[in-house]
Structures are given as C-alpha cells and as structure tokens.
Amino acid sequence: MILLQIFWVFFKISLISLGGVFGVLPELERMIVVEYHWLSHDQFIQSYVMGQFVPGPNMAMCPMIGYWVAGWPGWLAGFFGIYTGPVIIMTISYTLYSRYRKLDGIRRTEIALRPIVFGLIASSAVHFWWRQTAPNRFLAIGLTVGGIYLYAKKILGPLQTVFALGFAWTAILTILELVKWS
Amino acid sequence: MKRDTETVSRKPTLKEWVLLNLKIGTLSFGGASRIVLYQDEIVDRYQWLSRDEIQEILTIVQVLPGPNLVNFVAYLGSRLHSHLAALLGVLCLSIPGAFLIVAVALLPNENPIIEKIFRGLSIGSIILFSVFLYRLANGIKATLSTQTQISKSKTYLRYFLAAIIFAFSYLGTPVIPLIFCSSIVCIAVEFLL
C-alpha cells in the first residue's frame, strides 16, 4: 500500500513540475513532510541537497525519499513514480508534434515561445550562481569569466571545464584558509 | 554558422545513444549543466542534430509538464531513434544518480572539502550555462526560411519579452501561470504584429 502511495505522490509531482525539481519543492515538501509525515523538514532538505550533488536529473531525490520510507522497494516506487509520466507524455508529444511540425504556423509558434525558455533558464541560472558563490563572490566572478573564456574558445571541453573549476575553487579556497591560519 | 539553422538529423545507433546517456548520467556532477552537455555532444561531437533543432526540442519540452531534463532526454530519444530509446535514455540518465544518492547518504555529513568541491563544480556548470544562454539568445531571433526577414522592432520585442519573463521568474512568479500568460503574449506578438 505504501509503495502505491509513494508512486502516486511522485507521479503527481512529475505532472506539475515545469523545469527542475526546484519549482515543485514546496508542494513536494507539503506532501512528504506535512501530509504523510514520512520525513522531517531537515531530512527533506538534506535529500534535496544530495539530489543537487549527484549526476543526472535532480529528481534523484525522489527515489532517495522512497528508499528512506520503504527501503529498496520504496526506491523503485519513487523512481518510477517520478519518471514514468514524463516519458509517456513526451513520446506521445513527439508523435503528435512531428506530424504537424511541417506547418508554418506550428514552427512559428515554437520560435515565438523561445523568449520563455530563455527567461526561465536564465533566471534559474542566476539564482543558482548567486546561491553557490555566497561568501566568495569576487573569486567566483573571476573564475567564471576565466572559465567562460576557456570553454567558449574550446580550450576545455564541457566536463573538463566543470571538473577544472571544482579543482581550482577547492584549491584556491583551501590555500586561502591555510594562509589565514598561519 | 551553418550548423545553426540547417537540419541535420542523422540517426544514432541505440548503443551510441545509451552510452551517451550513461556517460552524462554518471559524470554530470555540479547542478545546472546537464542539458548543455547534451547540446555539446549531439551538435558538436556527433552531429545528430543542428543547434536550431535542439532549441526547438527544448522549447517544446519546457512548456509541457514534467521536469525539463527528463522531458528533453525522452523527447530526444523518440526523435533521434525510437520510443524505446526515449525510455532507455531516461533510465540510463537517471539510474546512476539514483544509486549514488543512496550511497552518498551513508557518507559522513558536512565534510568541508566535499562542500568546496561541490561549490566549484557548481560554478563550473554555470560557465557551461552562460555559453548555453548565449546560444539560446541567438536562437530568439530565428525565422523560418519561408518568411522574409522580420522587422528589427519585432526582434527587439522578443528580446524585451525574454527580459520581462526573466525578471518575473527571478522575482519568484509561480511557474505555471507565468508560462501560461507569457505563451499567450508571445504568440499574440508573433501572429498579430
């Protein structure tokens, strides 16, 4: 029974999420913490943070929550709950869209909607960057600019850029801390 | 810039598609960067699609229900290969992280080195994001080959709308009403002006 509940919670969430998990976080918390009492608020936040850390979609917090509630069967329920809906909707959407894609009106509509894509993604990117760089903004700006140069000029590939930044940030901050203590 | 608007549409093998998703599914640490990885691999490395086709898919999946990345991969799978590829793509993308997150929960909390590394990775992913946003911005002024060049004012209007939507979204407007209202405005601008 609880497995069905887990599946259903995440299935509903998948249908109302537009973007990443961030937009539906309040509603998800309401269901998990308030309605079903499966997790405490702190546990919920912890699962969100870990979902941001691991590779792949940040929906990974959903099978995580399922695991905490009901072990590996719960993991499965959470996993399929969150991913089944989108796969079905997208395959159907593709079939429909590809049929009508040739029409000028449809193509023009898609182009007309592009400002929305830009606005939403830009806003979440800025939010994200602002949160992640909190105490060391100047260093962050410097590394970001340098990194953009390296990536845009194709000196580094995408994954290399990300890992190089991880290394550089960690190294510089660690050195700064050691210097302060000496 | 030829790659921007011409359609390419080469078909991957199922194995190539699965491997790509496994790779991104296991290596995309750091938040924010995943769709960018797909764009780089698909457009620049494998040349299965053009930039414009990627943008088209991104627009479609953004306004439909479901998380963007998952939608994007599922739609891509159907588009590039088959509905089976859609399912396999999502599985290969999502399973590694879903396992890893259970493992990570067992690690000791609040390790300062790990926190720094993660911060750095996040900033790295923002770099990818910035270039991605630049390309998105370029795509805003696209037109169909059957249209004559659109007027400069219409292009500026589109960019203006993008800025407004950015502002509303940044200030915390709920997503679903925002998408609904801005869709109406954008479509009206396109067809009535």
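Labels below follow one simple rule: chain letters A, B, ... track the order of the sequence lines, proteins then strands, and each chain is numbered from 1. All values below come from the heavy atoms of this structure, side chains included, with hydrogens, waters and symmetry mates left out.
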Open item on the list: Please give me the minimum heavy-atom distance between A:Phe118 and B:Ala162, naming the atom from each residue.
Closed with: CD2-CB, 3.9 Å
- [ ] Let me see the working for A:Leu165 and B:Leu121 under side chain to side chain contact (heavy atoms under 4.5 Å, CB included), right down to the final yes or no.
- [x] CA-CA 6 Å; A:Leu165 246 298; B:Leu121 293 175; over 6 Å; no
Open item on the list: Are there over 12 heavy-atom neighbours, none belonging to A:Phe167, within less than 6.0 Å of that residue's CZ?
Closed with: no
Open item on the list: Looking at B:Asp52 and A:Arg107, is any side-chain nitrogen of the basic one under 4.0 Å from a carboxylate oxygen of the acidic one?
Closed with: yes
Open item on the list: With a 4.5 angstrom heavy-atom cut-off, is it the side chain or the backbone of A:Thr84 that approaches chain B, or both, or neither?
Closed with: neither
Open item on the list: Minimum heavy-atom separation for A:Thr144 and B:Ile127, please, with both atom names.
Closed with: O-CG1, 3.7 Å
Open item on the list: Is any side-chain heavy atom of A:Pro86 closer than 4.5 Å to one of B:Val90?
Closed with: no
Task: Closest approach of A:Leu113 to B:Cys186 (non-hydrogen atoms, all atoms of both residues) - done: CD2-CB, 4.2 Å
- [ ] With the side chain counted from C-beta on, respond yes when A:Thr109 and B:Glu190 share a heavy-atom pair under 4.5 Å apart, and no when they do not.
- [x] no
TODO: With a 4.5 angstrom heavy-atom cut-off, could you sort out which part of B:Arg135 is near chain A: side chain, backbone, both or neither?
DONE: side chain
Task: B:Tyr159 side chain near A:Pro115 side chain, heavy-atom distance below 4.5 Å - done: no
Open item on the list: Within the structure provided, determine whether A:Pro55 and B:Ile24 are in side-chain contact (heavy-atom separation under 4.5 Å).
Closed with: no
- [ ] Please examine the side chains of A:Ser17 and B:Pro65, heavy atoms only from C-beta on, and report whether any two atoms are closer than 4.5 Å.
- [x] no
- [ ] Measure distances from A:Tyr67 to the heavy atoms of chain B and classify the residue's part below 4.5 Å as side chain, backbone, both or neither.
- [x] side chain
Task: Interchain contact, A:Pro158 with chain B, by part (heavy-atom threshold 4.5 Å) - done: both
Open item on the list: Is there a path of hydrophobic side-chain contacts, each under 4.5 Å between heavy atoms of I/L/V/M/F/W/Y residues, joining B:Tyr38 to B:Leu19?
Closed with: no
- [ ] Check A:Ile148 against B:Val131 and note the closest heavy-atom contact, atom names and distance.
- [x] CG2-CG2, 4.3 Å
Task: Residues in residues 68-76 of chain B that sit under 4.5 Å from chain A, counting heavy atoms only - done: B:Asn68, B:Leu69, B:Val70, B:Asn71, B:Ala74, B:Tyr75
- [ ] Kindly give the heavy-atom pair with the smallest separation between B:Ser78 and A:Thr91, and that separation in Å.
- [x] OG-CG2, 3.3 Å
Open item on the list: Quick check on B:Tyr46: does its OH atom have over 12 non-hydrogen neighbours (other residues, nucleotides or ligands) under 6.0 Å away?
Closed with: yes
Open item on the list: Can you tell me if A:Trp72 has over 12 outside heavy atoms packed within less than 6.0 Å of its CH2?
Closed with: yes
- [ ] Could you check if a side-chain atom of B:Val61 sits within less than 4.5 angstrom of a side-chain atom of A:Met90, using non-hydrogen atoms only?
- [x] yes
Task: Within-4.5 Å side-chain heavy-atom neighbours: A:Val126 and B:Phe166 - done: yes
Open item on the list: Take a 6.0 Å sphere around CZ of B:Phe191 and say whether it holds more than 12 heavy atoms from other residues, nucleotides or ligands.
Closed with: yes
- [ ] Examine whether an atom of A:Phe79 lies under 4.5 Å from a heavy atom of chain B, and if so say whether it belongs to the side chain, the backbone or both; otherwise answer neither.
- [x] side chain
Task: Ring centres under 6.0 angstrom apart (A:Phe53, B:Phe29) - done: yes
Task: Considering all heavy atoms, the nearest B:Val104-A:Met50 contact - done: CG1-SD, 3.8 Å
- [ ] Show the numbers, then the answer: is there a side chain to side chain contact (heavy atoms under 4.5 Å, CB included) between A:Ile116 and B:Thr59?
- [x] CA-CA 8 Å; A:Ile116 303 179; B:Thr59 311; over 6 Å; no
TODO: Evaluate side chain to side chain contact (heavy atoms under 4.5 Å, CB included) for A:Arg114 paired with B:Gln55, printing each intermediate quantity in order.
DONE: CA-CA 8 Å; A:Arg114 286 181 183 182; B:Gln55 172 128 30; 3.3 Å; yes
Open item on the list: Working note: A:Tyr97 + B:Glu56, criterion side chain to side chain contact (heavy atoms under 4.5 Å, CB included); need CA distance, chi angles, decisive distance, verdict.
Closed with: CA-CA 11 Å; A:Tyr97 186 81; B:Glu56 184 186 354; 2.9 Å; yes
Open item on the list: Assigning hydrophobic clusters by single linkage (Ile, Leu, Val, Met, Phe, Trp, Tyr; side-chain heavy-atom cutoff under 4.5 Å), is A:Val33 placed with A:Ile16?
Closed with: yes
Open item on the list: For B:Ser183, which atoms come within 4.5 Å of any heavy atom of chain A: side chain, backbone, both, or neither?
Closed with: both
Open item on the list: Could you tell me if the side chain of B:His83 sits less than 4.5 Å from the side chain of A:Thr95, heavy atoms only?
Closed with: yes
